Amino acid sequence: RNLMTDISGFGLHLFKGAVAEPYLATQGLSSHDLEFPYSWTSNGNVDKVAAAVLEWAIDNKASVYCHWFQPLAAAGLRHGQSAQVQISMIEFDSTGKPAWDFKGKNILRGETDGSSYPNGGLRATHRAGGYLTVDPTSPIFLRGDTVFIPACFVAFTGQALDEKTPLLRSGDALSREGKRLLSLLGYKVNGLQSMIGLEQELFLVSREAFLRRPDLQLTGRTVTGRMPPRGQELCDHYMAPPSLASPALGCMQEIQLQCFKMGIPLKTRHREVAPNQYEFAPLFGNVTTQIDQNLMVMQIIEEVAVKHGLAALLQEKPFQGVNGSGKHNNWSIATDDGTNLFNVKQLAERSGSTAIFPIIMAALVKAVDSYGDLMRMAIACPGNDFRLGACEAPPAIVSTYLGESMTTYLEKYMDGNVAAYEPVVTVLDLGSSLLPKIELPAEDRNRTSPFPYGGHRFEFRAVGSSQNVSMVNTVLNTMCAFVFKEFADAIEAGASPDSVAQKALKESWKSVFNGNGYDPANQAMLTNRGVWRIDSGVDAICRLSEPKNVKLFSDMNVLSAEECDARQTVLLNQYVGYVEMEVQCLVDMISQHIIPSVKAAQVGPLSELSMAVVTLKKALDELHHTDDLKLKASKARILRLETMLQVRETCDYAEEVVPAALWTLATYKDLLFLDHNHK
């Protein structure tokens with residue numbers, strides 16, 4: 001089916017705008033009542049909104065609702081990365097007669113067991129209360145027979161048990177401090193919000209081959225597997241045409257169609273660098289809505305893939321030897337009327353001032369320099385162990401790329417030359433009279449930088465493909481809010497805005513780097529310069545409890561010290577859990593597949609494989625008997641990145657010498673070349 005055959009069907013399952021308007025009108029409301037400042041939850045209109053939602057649900061044959069929320073550590077392997085209790089909208093009277101029943105109270109409040117989700121000690125069986133309330137910034141949507149109410153999840157104590165609540169708190173901080181700073185700079189706005197666009201990478205593989213890989217089924221990545229003769233050596237996969245010889249294109253079309261109905265504007269689809277690797281990208285939007293929609297996109301990808309005889313792999317590094325997957329987080333800050341603070345021309349026109357832009361940029365540079373460790377923490381998902389710095393993603397060194405034009409401008413500004421920024425735009429002549437000239441932006445594209453400026457936004461390129469990016473954007477919002485506050489405090493104390501910004505740039509300039517981040521010499525130079533470098537994901541996670549970072553979150557009312565500790569505990573436990581599953585998968589695969597294949601073939605490293613099983617079991621036992629959580633996670637990292645990789649070499653050698661007919665596991669050849677293998 002052609003996705004664009006009937007564009008009037010876009011967003012029919014999203015309670016917003018033109019779709020919501022006629023239902024709200026019957027209640028005396030407008031779709032504008034659902035928008036900023038989202039007061040419908042507290043101004044007496046919630047019952048009217050509920051009545052409108054019920055009518056819309058009935059028209060779409062839905063009879064169930066749920067509060068849809070994102071528990072802590074709901075990333076990677078959890079299907080949909082969300083949680084919900086689906087409740088019927090039908091009640092029965094004393095005679096057993098059914099009637100529709102859905103009111104404002106059903107939107108405003110839900111309840112569940114807070115101790116059954118990862119919580120880092122914030123909840124326990126004897127104090128288990130967990131409560132849900134609607135997030136009005138993200139529209140209610142519908143899928144199948146169920147109405148989904150995006151929600152936040154907190155403990156009986158009010159502490160956040162989810163990914164979203166701190167994100168919304170950070171949005172408040174950004175709006176509060178950004179509004180204050182802009183007011184001091186002569187630009188009156190009602191508030192700020194962060195905007196993002198997420199590029200979702202994934203692999204699509206044959207489901208038949210997937211079902212012959214216990215590691216992919218249970219951990220999302222291969223723990224053994226020999227590279228076939230062909231990988232990505234010829235750079236011939238990136239943006240190659242989708243093949244009609246395989247089900248991948250049909251799968252992607254259906255994914256787009258389902259998302260289209262839900263109001264998720266997946267704008268682009270294309271092949272990525274590795275074989276069988278693809279990408280979807282939507283239009284920009286409000287941060288909470290975009291994150292919610294991305295979670296639904298990942299769920300839809302996994303579910304639709306099965307219908308097409310495929311398996312979708314959303315983990316960062318499912319295959320060794322070819323590129324892994326990321327989720328580039330394109331981030332900007334907008335005023336309530338949509339003015340992008342990173343768009344120099346738009347900001348100058350709407351504010352009437354050219355003096356604001358360099359001050360905003362100075363704040364960003366200082367935030368990266370001061371809190372690069374938190375940015376690294378935010379991307380410390382287990383899959384990024386194998387991806388960062390591997391010529392497929394930026395290294396674990398947190399700098400920012402500004403481009404030559406911006407860098408030159410800020411260097412002059414830093415030295416006292418206060419002037420308007422005029423991006424250097426060049427015109428490229430392609431050398432043929434038949435070809436039109438191309439106007440180039442001021443910035444080149446630096447794919448080795450973790451946080452490059454791209455004209456109107458910063459692109460956090462190091463984010464992992466399986467991540468819920470709530471913590472990523474919580475960090476970006478909070479660190480910028482804090483620096484905005486510092487700037488505003490200094491200006492209110494009598495300093496000139498330019499002097500504040502110039503001082504910040506001078507103190508933080510070491511974090512600006514426009515060169516090749518993959519070059520080992522540059523990495524050593526940046527390390528010596530004092531730019532944040534945290535190679536270990538475990539060490540990065542532990543930056544969450546650093547006093548300066550706890551103070552940041554606490555001062556901005558985003559996370560308390562106890563909430564920071566709880567999240568660190570959850571992330572460390574998640575990391576250890578991943579490694580335990582991977583080790584046990586590797587043991588089972590050696591014992592149940594590789595050793596029997598070697599015995600059947602009467603060739604291969606039989607004794608080495610038997611010893612490998614002993615080694616892995618011993619290491620796992622040591623892990624289980626380590627009580628200190630940080631030490632346990634550090635041991636798990638060594639087990640994963642050293643011991644398991646050594647064992648993998650033995651397994652891959654066995655695959656090399658055992659005849660294909662006797663090898664029972666799906667090979668990389670079976671998994672990576674869908675166009676050629678599909679029957």
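These figures come from a predicted structure and were not determined experimentally. Numbers here are sequence positions counted from 1.
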- Task: Mind checking the OG1-NE2 spacing from Thr664 to His593? Nearest 0.5 Å is all I need.
- Result: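 With rounding to 0.5 Å, OG1 (Thr664) is 5.0 Å from NE2 (His593).
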- Query: How would you list, by chain and number, every residue that makes a side chain to side chain donor-acceptor pair (under 3.5 Å) with Gln84, sequence neighbours excluded?
  - Reply: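 For Gln84 the side chain to side chain donor-acceptor pair (under 3.5 Å) partners, ignoring immediate neighbours, are Gln86.
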- Quick one: do Gln315 and Leu313 satisfy side-chain contact (heavy atoms from CB on, under 4.5 Å)? Show the steps, please. CA-CA 6 Å; Gln315 290 293 93; Leu313 307 178; 5.8 Å; no
- Kindly determine whether Met589 and Arg213 satisfy side-chain contact (heavy atoms from CB on, under 4.5 Å), including the steps that lead there. CA-CA 9 Å; Met589 290 168 70; Arg213 290 298 305 216; 3.7 Å; yes
- Name all residues meeting the salt bridge (charged side-chain N to carboxylate O under 4.0 Å, His left out) criterion together with Arg212; count only those two or more places apart in sequence or in a different chain, and write none if there are none.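 For Arg212 the salt bridge (charged side-chain N to carboxylate O under 4.0 Å, His left out) partners, ignoring immediate neighbours, are Glu208, Asp670.
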- For the residue pair Thr157 and Gln159, confirm or rule out a side-chain donor-acceptor distance under 3.5 Å. yes
- Query: Are side-chain heavy atoms of Cys381 and Glu316 found at a separation under 4.5 Å?
  - Reply: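 Yes, at least one pair of side-chain atoms sits under 4.5 Å.
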- Query: Does Leu218 have any side-chain contact (heavy atoms from CB on, under 4.5 Å) partners at least two apart in sequence or in another chain, and if so, which?
  - Reply: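 Leu218: side-chain contact (heavy atoms from CB on, under 4.5 Å) contacts with Cys585.
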- Task: Could you walk me through whether Val570 and Asn119 pass side-chain contact (heavy atoms from CB on, under 4.5 Å), step by step?
- Result: CA-CA 6 Å; Val570 167; Asn119 61 74; 5.6 Å; no
- Query: Glu655 side chain to Arg226 main-chain N or O, any donor-acceptor pair under 3.5 Å?
  - Reply: yes
- Message: I'd like to know if the side chain of Asn384 reaches the main chain of Ala462, judged simply by a donor and an acceptor atom lying under 3.5 Å from each other, with no hydrogens or angles considered.
- Response: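 Yes; judged by distance alone, with no hydrogens or angles, the pair exists.
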- Item | Those residues that, when tested against Ser545, pass side-chain contact (heavy atoms from CB on, under 4.5 Å) (two or more places apart) | Asp565, Gln568
- Mark yes or no for whether Asn549, through its side chain, and Arg543, through its backbone, hold a donor-acceptor pair below 3.5 Å.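 Confirmed, Asn549 side chain pairs with Arg543 backbone.
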- Task: Would you kindly say whether Gln277 and Ser325 are connected by a side-chain donor-acceptor distance under 3.5 Å?
- Result: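 Judged by distance alone, the side chains do pair up.
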- Query: Is a side-chain donor-acceptor pair under 3.5 Å present for Tyr575 with Asp385?
  - Reply: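 Result is yes, a qualifying pair exists.
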- Task: Start with the C-alpha gap between Leu204 and Asn276, add the side-chain angles, then the distance that decides, and say whether side-chain contact (heavy atoms from CB on, under 4.5 Å) holds.
- Result: CA-CA 6 Å; Leu204 292 173; Asn276 284 12; 5.6 Å; no
- Task: Output yes when Glu546 and Lys548 qualify as a salt bridge under the 4.0 Å nitrogen-oxygen rule, no when they do not.
- Result: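 Looking at Glu546 and Lys548, the cut-off is not met.
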- Item | Gap between atom CG of Leu639 and atom CE of Met644 - 0.5 Å precision | 6.5 Å
- Is a side-chain donor or acceptor of Gln320 paired with a backbone partner of Thr224 at a separation under 3.5 angstrom?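 No, the answer is negative, given that no donor and acceptor are paired below the 3.5 Å cut-off.
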- Task: Go through the structure and list residues passing side-chain contact (heavy atoms from CB on, under 4.5 Å) with Asp588, not counting sequence neighbours.
- Result: Gln592
- Name all residues meeting the ring pair (Phe, Tyr, Trp, His ring centres under 6.0 Å) criterion together with Trp331; count only those two or more places apart in sequence or in a different chain, and write none if there are none.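 In terms of ring pair (Phe, Tyr, Trp, His ring centres under 6.0 Å), with neighbours along the sequence ignored, Trp331 is linked to Phe342.
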- Contacts of Phe451 that satisfy ring pair (Phe, Tyr, Trp, His ring centres under 6.0 Å) - sequence neighbours left out: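 Phe451 satisfies ring pair (Phe, Tyr, Trp, His ring centres under 6.0 Å) with Phe458, Phe460 only.
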- Go through the structure and list residues passing side-chain contact (heavy atoms from CB on, under 4.5 Å) with Thr289, not counting sequence neighbours.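 Ser138, Pro139, Asn286, Gln293.
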- Message: With rounding to the nearest 0.5 angstrom, report the SG to CG distance, Cys152 to Leu167.
- Response: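 If I round to the nearest 0.5 Å, the distance is 8.5 Å.
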- What's the verdict on salt bridge (charged side-chain N to carboxylate O under 4.0 Å, His left out) for Asp628 and Lys630, showing C-alpha distance, side-chain angles and the deciding distance? CA-CA 6 Å; Asp628 181 86; Lys630 183 178 179 182; over 6 Å; no
- Item | Between Gln232 and Asn323: side-chain donor-acceptor atoms closer than 3.5 Å | yes
Give the table of side-chain donor-acceptor pairs shorter than 3.5 Å for residues 606-617, with sequence neighbours excluded, one pair per line with atom names and distance.
| unit_1 | atom_1 | unit_2 | atom_2 | d |
| --- | --- | --- | --- | --- |
| Ser610 | OG | Leu606 | O | 3.2 |
| Thr615 | OG1 | Met611 | O | 3.0 |

Pair up each side-chain donor or acceptor in residues 68-75 with any protein partner under 3.5 Å, not counting sequence neighbours, and list the distances.
| unit_1 | atom_1 | unit_2 | atom_2 | d |
| --- | --- | --- | --- | --- |
| Trp68 | NE1 | Ser82 | OG | 3.1 |
| Gln70 | OE1 | Asn468 | ND2 | 3.1 |
| Gln70 | NE2 | Asp292 | OD1 | 2.7 |

- Side chain Gln467, main chain Ala378, donor-acceptor under 3.5 Å: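 Yes; judged by distance alone, with no hydrogens or angles, the pair exists.
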- Query: Within a strict 4.5 Å, meaning less than it, do heavy atoms of the Val538 and Leu572 side chains meet?
  - Reply: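 Touching, per the 4.5 Å side-chain cut-off.
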- Measure from the side-chain N and O atoms of Arg123 to the backbone N and O of Ser115, and report whether any donor-acceptor pair falls under 3.5 Å.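 Answer holds: no.
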- Mark yes or no for whether Asn473, through its side chain, and Val469, through its backbone, hold a donor-acceptor pair below 3.5 Å. yes
- Message: A side-chain contact here means heavy atoms from C-beta on lying under 4.5 Å apart; do Leu552 and Leu374 qualify?
- Response: yes
- Message: Is it true that Asn557 and Asp172 share a donor-acceptor pair across their side chains at a distance under 3.5 Å?
- Response: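 Asn557 and Asp172 do not have a side-chain donor-acceptor pair below 3.5 Å.
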- Message: Does anything in residues 308-330 form a ring-ring contact (aromatic ring centres under 6.0 Å, His included)? List the pairs, not counting sequence neighbours.
- Response: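 Output for this query lists Phe203-Phe319, Phe319-Tyr668.
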- Task: Mind checking side chain to side chain donor-acceptor pair (under 3.5 Å) for Glu303 and listing every partner two or more places apart, or none if nothing turns up?
- Result: His79, Arg143, Gln299
- Could you tell me whether the side chain of Glu459 and the main chain of Pro452 form a donor-acceptor pair under 3.5 Å? no
